[in-house]
Amino acid sequence: MYDKLLIELSSPGRTGFSLPSLPDDYKGPDDYLPIGVLRKDEPKLPELAEPEIVRHFVALSVKNHHIDKGFYPLGSCTMKYNPKVNETVANLPGFAGTHPHAPSESVQGTLRLLYELQDMLAAISGMDCITLQPAAGAHGEFTALLLMRAYHKKNKQKRTNIIIPDSAHGTNPASVTLAGCNIVKVPSNNKGLVDVEKLAAVCDSNTAGFMLTNPNTLGLFETEIEKIAAVVHDCGGLLYMDGANLNALLGLVRPGDMGFDIVHFNFHKTFATPHGGGGPGGGAIGAKSFLEPFLPAPIISRKTGKNDKAIYQLESNRPDSIGRIHGFYGNIGVAIRAYTYILKNGPEGLKRIAKTAIINANYLMHNLKDDFALPFDSTCMHEFVLSGDKQLKDGIKTVAIAKRILDFGIHAPTVYFPLIVHEAIMIEPTETESIQSLDNFIAVMKQIAREVNENPEIIKSAPNNTPVGRLDEAIAAKNMDVCW
Ligand SMILES: *Cc1c(COP(=O)(O)O)cnc(C)c1O
């Protein structure tokens, strides 16, 4: 019954709400609106009682997978549980009701929160200055590249090459292209890490910078990071950290101390803002002090007024700034959630987040490596990459394994990425999963590994019990028919 549209469930005269009675002198709508804009016929609206409406939407809400419904080990995406207290704080009327054009004097509380969040991010990352404007990770990358360009231009240097590893996230080369720079690829060595000698060989007077994810997209910590920083800096380039994997480092090590000049944060990954539906995100960046003049304007400044009272202002007069990269001051609601999350966890809590993310991933890796190939067998950080090669030899593609996982109420891991691993299965359990939840996933993966030989048909036909079966993904992406 809940597969029907509301209009199909409609029953004339049924209602789920009550309105106050009309005033005695009410004559009709034409008393309020010009005749020309009034509709001639009654609108066709569904007529339903409140429980029918609630059940309809609750049923819809669980058709798709989401983190409140089940485990979501989508590698690289950090699909962790988002505490509801973040929502409560972001929805306080003083924040949620703020007008974007409100003058600074009337939004001192919001500006103070943003200023303090910047301080927290600087402390967490070991950077000197922060901008909260970028709306997502990719936007942070793009902003950082503009900073690099502005810095080199100021130094009268024409440097347009950006080096990226062959394991890089797809947004890295995209941002480089969008920023008008050239991509120079550096290969990984047989341990899945940056090959420092090969890096040195591609660094030259055209190198604007090196974009590196640490831990990298194989979930491995770049142990030679200090050497890497020296090589890049020696040739006059800047070192950029794609910080999307920061949940593995919180409180343990800081990008600024490793030698990075700029880093981006993914608020919607590391700091628990709901994501996955394309909703608003946050991709703040942090930079070393020599890059501060180039940050997007406006920046938030603090000065001391009468009686030592702090006054927060948006400062736009910044001659070297790359300019504004987002309307107003970024996605404030997401920043409020990040602030709440950081304050609530505190320094010890943040450290526990990183340690738990790492332990959870290693626990899964060790329990699954007998059933699936593990191309880079070393201690991982918050995620690891298996290969479906063994299963492919038995005639089962990785995509089929991913679809079979859905039958167990679990989201599939990231598959076929990173590109340097054949039949890649990239698993990130995140820090918010209990050992029971991890053990359940291990049992599911082991069952599927057995089914490859014992019952391959059930994998080939998967998903078998989701609201929608196996889609033609190319057509589904091109002809989106949302009213099936
Ligand atoms: C998610 C991710 C990005 C891009 O972040 P968005 O917020 O989705 O734009 C970049 N790099 C890595 C390693 C990521 O995991």
Side-chain angles (χ1 to χ4, degrees), residues 67 72-80 82 121 125 131-146 162-179 183 188 192-194 209-222 225 239-250 255 260 262-286 325-326 330-331 333-335 337-338 357 361 380-385 411 413-421 424 426-431:
I67 192 65
Y72 207 138
L74 190 68
S76 200
C77 296
T78 317
M79 303 304 287
K80 65 187 183 186
N82 309 295
L121 294 175
S125 63
T131 173
L132 301 174
Q133 280 191 35
H139 198 195
E141 293 167 19
F142 177 68
T143 308
L145 289 160
L146 296 186
I162 298 286
I163 305 168
I164 52 177
D166 56 2
S167 63
H169 192 270
T171 52
N172 294 180
S175 306
V176 172
T177 306
L178 210 60
I183 299 165
S188 309
L193 304 173
V194 171
F210 180 32
M211 287 182 107
L212 180 62
T213 311
N214 199 16
N216 67 24
T217 44
L218 294 167
L220 305 176
F221 189 82
E222 293 285 351
I225 185 60
L239 191 60
Y240 174 77
M241 181 165 125
D242 176 333
N245 295 337
L246 205 68
N247 62 324
L249 304 181
L250 289 173
F260 287 98
I262 319 180
V263 60
H264 87 248
F265 307 84
N266 279 72
F267 285 172
H268 45 289
K269 292 179 181 171
T270 310
F271 300 121
T273 272
H275 67 120
I285 62 170
I325 50 109
H326 193 287
N331 288 331
V334 178
R337 288 175 179 86
C380 67
M381 295 294 282
H382 63 306
E383 64 192 358
F384 60 100
V385 183
H411 196 283
T414 297
V415 290
Y416 300 107
F417 177 81
L419 304 175
I420 57 174
V421 173
M426 185 189 202
I427 298 171
E428 179 179 12
T430 83
E431 59 274 17

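Nothing fancy with the numbering, it's 1 onward along the sequence. Atoms within a ligand are numbered from 1 in the order they appear, just like the ligands themselves.
Listed by number with element, the atoms of ligand 1 under 4.0 Å from a non-hydrogen atom of Glu141 are 10 (C), 11 (N). Those atoms of ligand 1 with a heavy atom of Ala244 less than 4.0 angstrom away are 2 (C), 11 (N), 12 (C), 13 (C), 14 (C), 15 (O). Close approach of ligand 1 to Ala136 (heavy-atom distance below 4.0 Å) involves ligand atoms 7 (O), 9 (O).
Close N/O approach between Gly137 and ligand 1 is found [any backbone or side-chain N/O within under 3.5 Å]. Taking distance alone, with nitrogen or oxygen atoms compared against 3.5 Å, Thr217 stays at or beyond that limit from ligand 1. At least one N/O-N/O distance between His268 and ligand 1 falls below 3.5 Å. Note: no N/O pair closer than 3.5 Å links Thr213 and ligand 1 by distance alone. Annotation: Ala138 places an N or O atom under 3.5 Å from an N or O atom of ligand 1; distance criterion only.
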Item to check | Derivation of the side-chain hydrogen bond (donor to acceptor under 3.5 Å, both in side chains) call for Glu141 and Thr171 | outcome: CA-CA 8 Å; Glu141 293 167 19; Thr171 52; 2.8 Å; yes
Item to check | side-chain hydrogen bond (donor to acceptor under 3.5 Å, both in side chains) assessment of Glu428 paired with Ser76 | outcome: CA-CA 7 Å; Glu428 179 179 12; Ser76 200; over 6 Å; no
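The shortest contact between atom 1 (C) of ligand 1 and any protein heavy atom is with Lys269 NZ, 1.4 Å. Asn266 ND2, 3.1 Å is the protein heavy atom nearest to atom 5 (O) of ligand 1. Protein heavy atom in closest approach to atom 11 (N) of ligand 1: Asp242 OD2, 2.5 Å. Here the heavy atom of the protein found nearest to atom 10 (C) of ligand 1 is Thr171 OG1, 3.1 Å.
Of the heavy atoms in His139, none comes closer than 4.0 Å to ligand 1.
For the atom pair CD (Glu431) and CG (Asn247), the distance works out to 5.0 Å, reported to the nearest 0.5 Å. Note: Met211 CE to Ser175 OG = 5.0 Å, rounded to the nearest 0.5 Å. Annotation: the span from Leu250 atom CG to Phe265 atom CZ amounts to 9.5 Å, rounded to 0.5 Å. In this structure, Asn245 CG and Asn266 CG are separated by 8.5 Å, a value rounded to the nearest 0.5 Å. Separating the CD1 atom in Ile325 from the OG1 atom in Thr143 is a distance of 3.5 Å, to the nearest 0.5 Å. Taken to the nearest 0.5 Å, the CZ atom of Phe260 stands 4.5 Å off from the CG atom of Leu212.
Among His264, His169, Glu428, the residue whose heavy atom lies nearest to atom 3 (C) of ligand 1 is His169.
Aromatic ring orientation, His275 versus His268: perpendicular (interplanar angle above 60°, classes split at 30° and 60°).
Scanning both residues, Ala424 and Val385, for their nearest heavy atoms gives CB-CG1, 3.9 Å.
Residue contact check for ligand 1: His275 places no non-hydrogen atom closer than 4.0 Å to it.
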